[in-house]
Amino acid sequence: MTQINQIQSFNIQPLKPTNAVSTSGEIQSKFAGFLKDSINEVNEAGLASSDLTNKLVRGENVDLHNVMIASEKSSIMLQTTMEIRNKVIDAYQEMMRMQM
Amino acid sequence: MSIFNSINISASALTMQRLRMDVVSSNMANSETTRSKMVDGVWQPYRRKMVEISSSNGSGSFASIFNDTVQSNTSVGSGVKVTKISEDKSPFKLVYNPEHPDADENGYVQMPNVDPLKEMVDLMSATRSYEANVTVLNASKGLLTKALEIGK
């Protein structure tokens, strides 16, 4: 049902020239969507890591190195997220300090 | 996940070396096994097992194979995989031991074609390769964490 809705909303988008300048609202929503997708990806990596750890603890057939690699991957992705957050907050604070 | 490509390749190598170790342990454990499987009502001794290793290219999908063919070997592939565990066809060792329950009418027993010396060499090779691949993996991880320090 959600997929059908998506297709409909895609079809009723107004035609516009390809080199049109995006409004600030569009850019904001694009950025928000990108941020949400990235955070979801990081969350999925963390969930995969904890899933593998649980399997190892329960004694299922998983390799120890795969558990360690999954946890390292999720740790690197989380660190990347934190770095990007720091950059965004730095930029925001720079804007707020601007003299009018 | 292209940034984790090298880590995924190292992970496949680690899994492959673990499997090699499993095969070596099986060979060592069965180095005295005279009853492995029944063939025509006669017990056959254990045959030494070996792994066949091949490099795995991409995901095996049509797109990846097509790209590999068109761009003529520009992809790094996606690591290694074990395609088959095959048996050593070399003849069994014959040991004279008439008291053995599996001795033939001349008093000879067929023992497995496992050479503990070869198995130890295989074990050391698998251990060292595992360590080497862990080093590669740590290097890739170090690169990624170093990249996060850009602009600090």
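All heavy atoms count here, side chains included; hydrogens, waters and symmetry mates do not. All chains are named by letter (A, B, ...) in the order of the sequence lines, taking the proteins before the strands, and each is independently numbered beginning at 1. Being a predicted model, the structure only gives us computed values, none of them experimental.
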Legend entry - Contact check, side chains of B:I7 and A:I69, non-hydrogen atoms, under 4.5 Å: yes
Legend entry - chain B contact residues among residues 80-100 of chain A, heavy-atom distance under 4.5 Å: A:T80, A:E83, A:K87
Legend entry - Shortest non-hydrogen separation from A:I76 to B:L148 and the atoms involved: O-CD1, 4.3 Å
Legend entry - Neighbourhood of chain A inside residues 116-125 of chain B, taking heavy atoms under 4.5 Å as contact: none
Legend entry - Cluster check B:L144, A:V42: I/L/V/M/F/W/Y, side chain < 4.5 angstrom: yes
Legend entry - side chain to side chain donor-acceptor pair (under 3.5 Å) partners of residues 47-59 of chain A, not counting sequence neighbours, each pair once: A:R58-A:E60
Inset, instruction - Considering only heavy atoms and a distance below 4.5 Å, find which of A:M68, A:E72, A:Q79, A:K73 pairs most often with chain B. - result: A:K73
Inset, instruction - Answer with yes or no whether the hydrophobic clustering places A:I39 together with A:M77; edges join I, L, V, M, F, W, Y residues whose side-chain heavy atoms lie under 4.5 Å apart. - result: no
Legend entry - Heavy-atom contact with chain A under 4.5 Å, split by part of B:L14: both
Legend entry - chain A contact residues among residues 15-43 of chain B, heavy-atom distance under 4.5 Å: B:T15, B:R18
Legend entry - OH (B:Y108) with more than 12 external heavy atoms under 6.0 Å: no
Legend entry - Path from B:L137 to B:I3 over hydrophobic side-chain contacts below 4.5 Å: yes
Legend entry - In one Ile/Leu/Val/Met/Phe/Trp/Tyr side-chain cluster, 4.5 Å: A:V62, A:L64: yes
